[in-house]
Amino acid sequence: MLIDDAGYGLASTFGGLIETPTFDRLADEGLRYCQFHTTALCAPTRASLLTGRNHHTAASGVIGEQATGFPGYTGIIPKSCGTFVETLSQNGYATAWFGKNHNVPDNMTSPAGPFDNWPTNMGFDYFYGFIAGETDQFYPQLVRNTTPVEPPRTPEEGYHLTEDLADECVQWMRTQKSIAPDRPFFAYFAPGAMHAPHQPPLDRRGRHDGQFDFGWDEYRARVFQRQLDLGVIPSGTDLTERHAEIPAWDDHTEDEQHLFRRQFENFADYLAATDEQVGRLVDTLEELGELDNTLFLYVMGDNGSSAEGTLIGTFNEIHTLNGYQEDIADLLPHAEEWGMPGSSPHMAVGWAHAGDTPFQWTKQIASHFGGTRNGMVVHWPARITDAGSRRFQFHHVIDVAPTVLEAVGISEPTMVNGVPQTPIDGTSFAYTFTDDPATSRHRTQYFEIYGNRGIYHDGWMASCWHGRLPWINAGSFPWDDDTWELYDIAEDFSQAHDLAALHPEKLTEMQELFLVEASKHNVLPLDDRFAERLDVRLRPSYFFGREHVSFPPSLRRLPEGSGPKLNNVDHIVSVPVTIPDDGAEGVLFHVGGDTAGWVLYVRDGKLVYHYNFFNLRRHTLESDRPVPHGDTTLGFRFTSADVPGGSATVDLVVDGEPAGHLDLPEQVRARFGVESMSVGVNTGSPVDEYYRTRGGFPFTGRIHRVDIDFVSDVADISPEEKVRQYLGMD
């Protein structure tokens, strides 16, 4: 069980103020692990969990959407790093994965594959979920095995992704035990929660209204005391200071505080509802008579709480991930819509930092425990002898794989499917199930994300925050400005007291150890870029260098990362259609959805082009002449400015004749989001609010194909020049 983007200080199980009764129950009947660590970023953590290798060894030093050609950063998990699930499968286990998969390379997510790095080729018999870092909870981009599928219901009919995933997992477990009751199974349940967009089920909204009126500073103080009382932080631990870059709660006006309250109330509704769905899985195991004999690992977060929502939150977090910053005036009117269908929200940094109590920093900051410390519970009544206890041994997500293998009695393989294996980096923590040894067997662990780096060894931690704030998603920072800190974790649980000036020799020793580990695990060269690496042209593509692309009318859900680039490039879209005598309407082609995108469709006999700029501003062009009946061609020419995110012009064409002109003042400069492109219907969330309740607004005429011609021949541009242009370098 792997929750997304949830820090140490959120769930009630580890002192947080959001009730998680399922997590609590399993902890009271099992063990709380209070020094369990992740990598500080989602895809790297998930690669490490599945393979037992450090994330750079598994070529997952960053999310796949930012992959580069360096060995530690390709996003392609090597065959030499086989998953422990493959080993379980080959030893007789039924295996299934439900929810988030952020480990398929960004340019390999289309129906054309290749499917080597998809779950069903990595040891899983069955997959139901989404292939991306996030997805809309009401309009998810669902995949069953390797086939895109539509959600079974609409938001109006009560659909919510996390419940759907739990339905599928419950059904799968029951089916396995009904057919093969003696065959063991492994289930990996990884909902999109608590990653943005923060969208609780509609029938769970409002449960936390008024519960956090005191703000994020008081939240940290209350959680810190609860953590001491629960014993999930040692006596003598100090609460770290709020960073100067994060404003105090009292620095904001009452209107702003109202907005921030709604953000965290919405987030709390989301987390509580997610824990309820986990409870359904626990109840199912109990009803099947398998709960006591099931090793159940519940990890609260694949990194610390996310600060990617900016200092004031965002109504559209894809906007901020593109490197933009929000304006509070744009957010205030949306306070009561926060988390509803059509929104894609994220909370303010102050709440994210509070969610990582008692530590410094947040997700992305791998140098400090606010980014890497996550609460974990292990439940296994058949083997755990001191239920309800706490464990303080230092462990890491790479330790999950060897722990599972040891627990079920399977040796680490040296060969998987004919490929020699890189030795597992992790250390099993099964030794803690029946005893509470004073010494951890995991003695050394490096950390690195976006240049934020650290090294742990035998109770000491050296930490280097590189300088880019985790809510600033563009730009690079000088490496020469980096300053290392030193902490004695054995005495300073929260990293509150920097000892670098007192122990310079120890710091030097730790820095040298980091370089040794970094060299061993493909961490180098360091790269701190964020939005600059999101351009799909920076990775191999089936579409690179093609001047002409033709899509069939059957094309559905081609992910943006695996499709042609359709922003900040000159292109012509032509759609040969047949319009019946009584007319037609509906979507011809679209890219993206609620977060951002564009769509070409027919409405009231006219051709319409609509550009959604992050749901902040929308630009619509309607043809100045009607669409003729019979065989005709509809389309537009898009002419882009030279600067990414700059202006553009759109010229509609109806039956070969100009039909309208639009001066587009702005463009999405990196990604429209995590949705897709489709012909003949708007799959996923709607680009244009006009047809939100019309079921994707399918075209009622006949589409012959969609032709896209690229005016500039990018094949004539060298890869180096392409990158320089994208980064705006002279």
Side-chain angles (χ1 to χ4, degrees), residues 7-9 14 27 30-40 44-45 48-49 52-55 227 231-238 240 297 299-304 356 358-361 365-378 389-404 406 424-449 452-464 485-497 499 506-507 509-510 513-514 516-517 520-521:
Y8 194 79
F14 285 84
L31 298 170
R32 287 173 171 86
Y33 285 77
C34 304
Q35 287 203 79
F36 182 80
H37 299 84
T38 55
T39 69
T45 288
S48 290
L49 184 149
R53 281 81 171 186
N54 283 304
H55 52 304
Q227 290 172 333
V232 295
I233 62 175
S235 175
T237 299
D238 290 327
T240 59
L297 285 79
V299 184
M300 185 57 71
D302 55 358
N303 42 242
D356 294 323
F359 306 111
Q360 298 184 54
W361 293 118
I365 309 299
S367 54
H368 291 76
F369 293 150
T372 63
R373 181 68 59 80
N374 290 92
M376 180 180 69
V377 163
V378 175
S389 297
R390 286 103 179 108
R391 294 290 187 263
F392 283 89
Q393 292 77 24
F394 190 101
H395 279 286
H396 188 271
V397 68
I398 58 175
D399 300 337
V400 169
T403 300
V404 172
E406 179 181 347
I424 285 177
D425 294 318
T427 302
S428 170
F429 52 80
Y431 69 96
T432 65
F433 291 172
T434 56
D435 194 10
D436 187 14
T439 303
S440 170
R441 296 182 184 177
H442 191 130
R443 298 182 56 198
T444 304
Q445 181 59 49
Y446 83 88
F447 299 87
E448 191 281 332
I449 295 290
N452 302 303
R453 52 210 190 273
I455 182 76
Y456 168 86
H457 181 68
D458 285 349
W460 289 89
M461 180 80 180
S463 303
C464 180
E485 303 161 7
L486 181 68
Y487 299 96
D488 180 0
I489 301 305
E491 301 296 330
D492 180 15
F493 183 81
S494 62
Q495 290 182 298
H497 304 287
L499 304 179
K506 186 66 177 180
L507 178 60
E509 172 191 326
M510 296 291 284
L513 181 58
F514 173 82
V516 170
E517 293 296 301
K520 183 192 307 182
H521 294 288

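In this chain, numbering begins with 1 at the start of the sequence shown.
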Practice item. Check side chain to side chain contact (heavy atoms under 4.5 Å, CB included) between Ala27 and all other residues, then give those that pass, not counting sequence neighbours. Key: Thr13, Arg32, Val377
Review point. Among all residues two or more places apart in sequence or in another chain, which pass the side chain to side chain donor-acceptor pair (under 3.5 Å) test with Thr432?
Key: Tyr33
Check your understanding: Taking only residues two or more places apart in sequence, or in another chain, which ones meet Asp302 in a salt bridge (charged side-chain N to carboxylate O under 4.0 Å, His left out)?
Key -> Arg46
Check your understanding: Who are the side chain to side chain donor-acceptor pair (under 3.5 Å) partners of Ser494, not counting sequence neighbours?
Key -> none
Point to revise | Non-hydrogen atoms of Thr372 and Ala40 that approach each other most closely | key: CG2-CB, 3.9 Å
Exercise for review: Could you pull out all residues at least two apart from Phe359 that satisfy ring pair (Phe, Tyr, Trp, His ring centres under 6.0 Å)?
Suggested key: Tyr8, Phe369, Phe493
Check your understanding: Say you draw a straight line from OG1 of Thr403 to CG of Leu297; how long is it, rounded to the nearest 0.5 Å?
Key -> 7.5 Å
Point to revise | Listed partners of Lys506 passing side chain to side chain contact (heavy atoms under 4.5 Å, CB included), at least two apart | key: Trp460, Leu486, His503, Glu509, Met510
Revision key, fill the gap. Side chain to side chain contact (heavy atoms under 4.5 Å, CB included) filter on Asp425, not counting sequence neighbours, yields Arg53, Asn54, Thr57, Ile398, His521
Exercise for review: Give the intermediate values and the outcome of side-chain hydrogen bond (donor to acceptor under 3.5 Å, both in side chains) for residues Gln35 and Tyr456.
Suggested key: CA-CA 12 Å; Gln35 287 203 79; Tyr456 168 86; 5.9 Å; no
Check your understanding: With side chains defined as the heavy atoms from C-beta onward, is the minimum distance between Val397 and His55 less than 4.5 Å?
Key -> no
Exercise for review: Could you list the residues that satisfy salt bridge (charged side-chain N to carboxylate O under 4.0 Å, His left out) with Asp458, not counting sequence neighbours?
Suggested key: Arg443
Point to revise | Residue list, ring pair (Phe, Tyr, Trp, His ring centres under 6.0 Å) with Phe36, at least two apart or on another chain | key: none
Exercise for review: Check whether any side-chain N or O of Thr240 sits under 3.5 Å from a backbone N or O of Pro358 as a donor-acceptor pair, and report yes or no.
Suggested key: yes
**Study point:** Set of residues satisfying side chain to side chain donor-acceptor pair (under 3.5 Å) with respect to His442, sequence neighbours excluded
**Key:** Asp399, Gln445
Review point. Is there a side-chain contact (heavy atoms from CB on, under 4.5 Å) between Gln495 and Glu485 once you walk through the steps?
Key: CA-CA 10 Å; Gln495 290 182 298; Glu485 303 161 7; over 6 Å; no
Exercise for review: Mark yes or no: Arg441 above the aromatic ring of Tyr431, with NZ or CZ under 6.0 Å from the six-membered ring centre and no more than 45 degrees from the axis.
Suggested key: yes
Review point. Excluding sequence neighbours, so at least two apart, what forms side chain to side chain contact (heavy atoms under 4.5 Å, CB included) with Thr444?
Key: Ile455, His457, Leu513, Glu517
Point to revise | Where at least one partner belongs to residues 365-377, residue pairs that pass salt bridge (Lys or Arg N to Asp or Glu O under 4.0 Å), sequence neighbours excluded | key: none
